[in-house]
Amino acid sequence: MSSEKTTDTSAGGYFSIPSGLGFPVTEKIFTPEKFTEEQKMAAETAKKFIEKEVAPRINEIDEQKGDYALTVKLLKKAAELGFLAIDVAEEYGGAGSDFKTAMCVSEVFGAGGSWAVSWAAHSGIGTHPLLFFGTEAQKKKYLTKLVGGEWTGAFGATEPEAGTDLYGAKTKAVLSPDGKFYILNGNKTFISNSGFADLFTILAKVDGDPKKSACFLVERGTPGFTIGKEENKMGICGSSTCPLNLVDVKVPAENLLGEIGKGIHIIFNTLNLGRLKLGAMTTGSGKYVINDAVKYAAERKQFGLPLSSFGFIKEKLANMVVGAWMTESAVYRTAGMVEERFKATDFKNLPAVLEALREYEIECAILKVAGSEMFWYIADENVQVHGGYGYIKDYLAERYLRDARINRIFEGTNEINRLTAILNMLERAGKGKLPLAKAGAALAAQLEESSGEELSDEKFALQSELVNNIKKMFFVAGGRVLEKFPTRDKIVGEQEILGRLSNMLILIYLSESGLLRAKEHGGEIQEAIVKLYVQNAALEAEKLAKEVLAYLEEGDMLKSYLGRLKRLGRTLANNLLDPVSLQRKIGDKLIEKKKYFL
Ligand SMILES: Cc1cc2nc3c(=O)[nH]c(=O)nc-3n(C[C@H](O)[C@H](O)[C@H](O)COP(=O)(O)OP(=O)(O)OC[C@H]3O[C@@H](n4cnc5c(N)ncnc54)[C@H](O)[C@@H]3O)c2cc1C
């Protein structure tokens, strides 16, 4: 572990907004530059594993049919290196590493395509519910097997008629008259790893009662439990996704996981971790695809010149780097904050880990959205860099794009994660934990008086001011939303508004994370990245805030609100940077280095 304390003043996990309009410029956050030797070594071993074992077999993995023998073989190999349970305590056979190490490995494994999805489903949703909520006896029986790669795991929550709305799940569990078994009946759909998994965590309702949701550990081969036909998917074709059918499946009563009534709670709690890790995995995938793009752009010639010499292509490459670096900054900042909060170097104190993750639920949701959309952007632009060849299956660009798409759908769709982030924040504000409406009103007066202050000549003075201004715009728009819709039931019907506010949150969190990182570790390129991202974020945030207010207000009231935003936008209007030169600087460096280099 790094001896340096990497705190963030955002007590309570809503990134410094509670500290008023202050901006913790002097605070340190955890960043990849602070990786310890242990973390670097784990990442290096993971990289070698992906390069040697997975990448050369990427076609073979995608084409395997039936038993997924290759996927399982590679999972077992990963287990030998401790990669199925990096942050699981040694007493259960895990590697017992710290949480940040687990995040580094997740990032690297992001480059593993379909296989990485199987790995994540196994070591995440397939293992975490048992790890966090299992009894000692259940862990002894199953966890050691999952961690050692002897067995593989899957998680069955989704049903044909209950996807996003898991409360609507119909699978029913009834205790047998002798109290020895739960009898499960129902259908699940889209269950990752089900073609080969040995142990399934199944969400059901005891007696069909909505108040009695519960999870059950169900072994493959249990009579009445059948796995349906593989889905024919758009991407991640080497991962297994099947429906499950349960007809009078007798599950031993001791395989009830956690308490009756807490089944959904188990899912939502473990999802936070899944979302955070998905942020790391998509960061890794994004960087990996950037390497493909820059390689192709340097090799392919048109008009006698490499593609990389053309402004349009350079701009795409630069934007890819900006997206990956900014997301990475937010991912590791969050990992640092979460670990700091549970104050443990491993996962021994499981309730504290869950509590910390709950506290950072907003950030986890933001990272899921930001990471999946960043990766999608990179994969899409990589196809464009490849031109027609990007559309041909012989080229990896085509596969990357198909594989990237699912990240916006599973672990909670991005719509749902956007709602999770903003509703959580507004709820905290409503409970007085975050003075959003008050801050919005206080700002009104402040902005009337403000004549626009001079910027200091500190290196990132403009960007610090812009991030502050984006927050203030959020206060203006979000504060007004709260005044108009003070309760959750009033606000939930306003999704388009919530979506815009959520997008502002994403812009704030990524801008601030990249800025704090660059202040400490910024070279010339990092500086260009932050300048570019923050400027775009400020432009986008102003547009979003205006749209929210235009929906809420009209006439003089609207004019007054727009006036406040205009005053906040003045810093940028008076100090607009030339984005083209910044993009060229980043693009040129990537082309010179021939791969992602930061
Ligand atoms: C390859 C793959 C692997 C998967 N692996 C697993 C797994 O291992 N285990 C598991 O349990 N599930 C798994 N899933 C299921 C996945 O989590 C669901 O597909 C996802 O949660 C969405 O549910 P749905 O498909 O029913 O879409 P729906 O819920 O029908 O949603 C359709 C659209 O409507 C939107 N929508 C829905 N409700 C709302 C609302 N209230 N407000 C606004 N918009 C809304 C959604 O965002 C989405 O855009 C997997 C799915 C796939 C495709």
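In listed order, ligands and their atoms are each counted from 1. Note: hydrogens, waters and symmetry copies are ignored here, and every other heavy atom, side chains too, is used.
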Open item on the list: Evaluate Leu419 for polar contact with ligand 1, using N/O atom pairs at a separation under 3.5 Å.
Closed with: no
Task: Tyr332 side chain to Glu107 side chain, donor-acceptor N/O pair below 3.5 angstrom - done: yes
Task: Heavy-atom proximity to atom 18 (C) of ligand 1, best of Thr158, Ile236, Leu203 - done: Thr158
Task: Within reach of ligand 1, part of Ile125 (heavy-atom separation under 4.0 Å) - done: side chain
- [ ] Look up atom 50 (C) of ligand 1 and tell me if a protein heavy atom lies less than 4.0 Å from it?
- [x] yes
Task: Protein non-hydrogen atom below 4.0 angstrom of atom 34 (O) of ligand 1 present - done: no
Open item on the list: Among all the protein's non-hydrogen atoms, which is closest to atom 45 (C) of ligand 1, and how far away is it?
Closed with: Ile416 CD1, 4.3 Å
Task: Within reach of ligand 1, part of Lys188 (heavy-atom separation under 4.0 Å) - done: neither
Task: Sequence neighbours excluded - ring-ring contact (aromatic ring centres under 6.0 Å, His included) pairs with any residue from residues 229-275 - done: Phe133-His265
TODO: Could you label the plane-to-plane angle of the Tyr142 and Trp151 rings as parallel, tilted or perpendicular, counting under 30° as parallel and over 60° as perpendicular?
DONE: tilted
Open item on the list: If we count only N and O atoms by modelled type, under 3.5 Å, do the side chains of Glu159 and Thr171 hold a donor and an acceptor together?
Closed with: yes
TODO: Give the numbers and elements of all ligand 1 atoms closer than 4.0 Å to a heavy atom of Lys233.
DONE: 1 (C)
Task: Test item: protein heavy atom less than 4.0 Å from atom 37 (C) of ligand 1 - done: yes
- [ ] Let me know which of Asp62, Asp403, Thr71 forms a side-chain hydrogen bond (donor to acceptor under 3.5 Å, both in side chains) with Ser114.
- [x] Asp62
Open item on the list: Students should be able to answer this: which protein heavy-atom is nearest to atom 53 (C) of ligand 1, and at what distance?
Closed with: Ile406 CD1, 3.4 Å
Open item on the list: Are any of the N/O atoms on Glu415, whether in the backbone or the side chain, positioned under 3.5 angstrom from an N/O atom of ligand 1?
Closed with: yes
Task: atom 20 (C) of ligand 1: the protein heavy-atom neighbour that sits closest, reported with distance to 0.1 Å - done: Ile409 O, 3.9 Å
TODO: Before accepting this row, confirm whether a basic side-chain N of the pair Glu547/Arg500 lies closer than 4.0 Å to the acidic partner's carboxylate O.
DONE: yes
TODO: Could you check whether the rings of Trp115 and Phe49 sit parallel, tilted or perpendicular, using 30° and 60° as the cut-offs?
DONE: tilted
Open item on the list: Treating Thr201 as the side-chain partner and Phe155 as the backbone partner, does any N or O pair qualify as donor plus acceptor under 3.5 Å?
Closed with: no
What pairs of donor and acceptor atoms, side-chain ones from residues 224-232 against any protein atom, are under 3.5 angstrom apart with sequence neighbours left out?
{"residue": "Glu230", "atom": "OE1", "partner": "Tyr68", "partner atom": "OH", "Å": "3.4"}
{"residue": "Glu230", "atom": "OE1", "partner": "Thr241", "partner atom": "N", "Å": "2.9"}
{"residue": "Glu230", "atom": "OE2", "partner": "Tyr68", "partner atom": "OH", "Å": "3.3"}
{"residue": "Glu230", "atom": "OE2", "partner": "Ser240", "partner atom": "OG", "Å": "2.6"}

TODO: Look at atom 46 (C) of ligand 1 and say which protein heavy atom is nearest, naming residue and atom and giving the distance to 0.1 Å.
DONE: Thr413 OG1, 3.7 Å
Task: Closest protein heavy atom to atom 27 (O) of ligand 1, given as residue, atom name and distance to 0.1 Å - done: Thr164 OG1, 4.2 Å
Open item on the list: How about CD on Glu161, more than 12 heavy atoms from neighbouring residues, nucleotides or ligands closer than 6.0 Å, or not?
Closed with: no
Task: Enclosure of Lys145 NZ (heavy-atom neighbours >12, cutoff 6.0 Å) - done: yes
- [ ] Tell me which protein heavy atom sits closest to atom 8 (O) of ligand 1, plus the residue, atom name and distance to 0.1 Å.
- [x] Ser192 N, 3.0 Å
Task: Under-4.0 Å heavy-atom contact with ligand 1, by part of Gln495 that carries it - done: side chain
- [ ] Might you check, step by step, whether the distance between atom 11 (O) of ligand 1 and some protein heavy atom is under 4.0 Å?
- [x] yes
Task: Option with minimal heavy-atom separation from atom 14 (N) of ligand 1, where the choices are Phe155, Phe190, Phe410 - done: Phe190
- [ ] Could you tell me whether the side chains of Asn269 and Arg358 share a donor-acceptor contact shorter than 3.5 Å?
- [x] yes
- [ ] Report the member of Ala120, Gly163, Gly412 with the shortest heavy-atom distance to atom 23 (O) of ligand 1.
- [x] Gly163
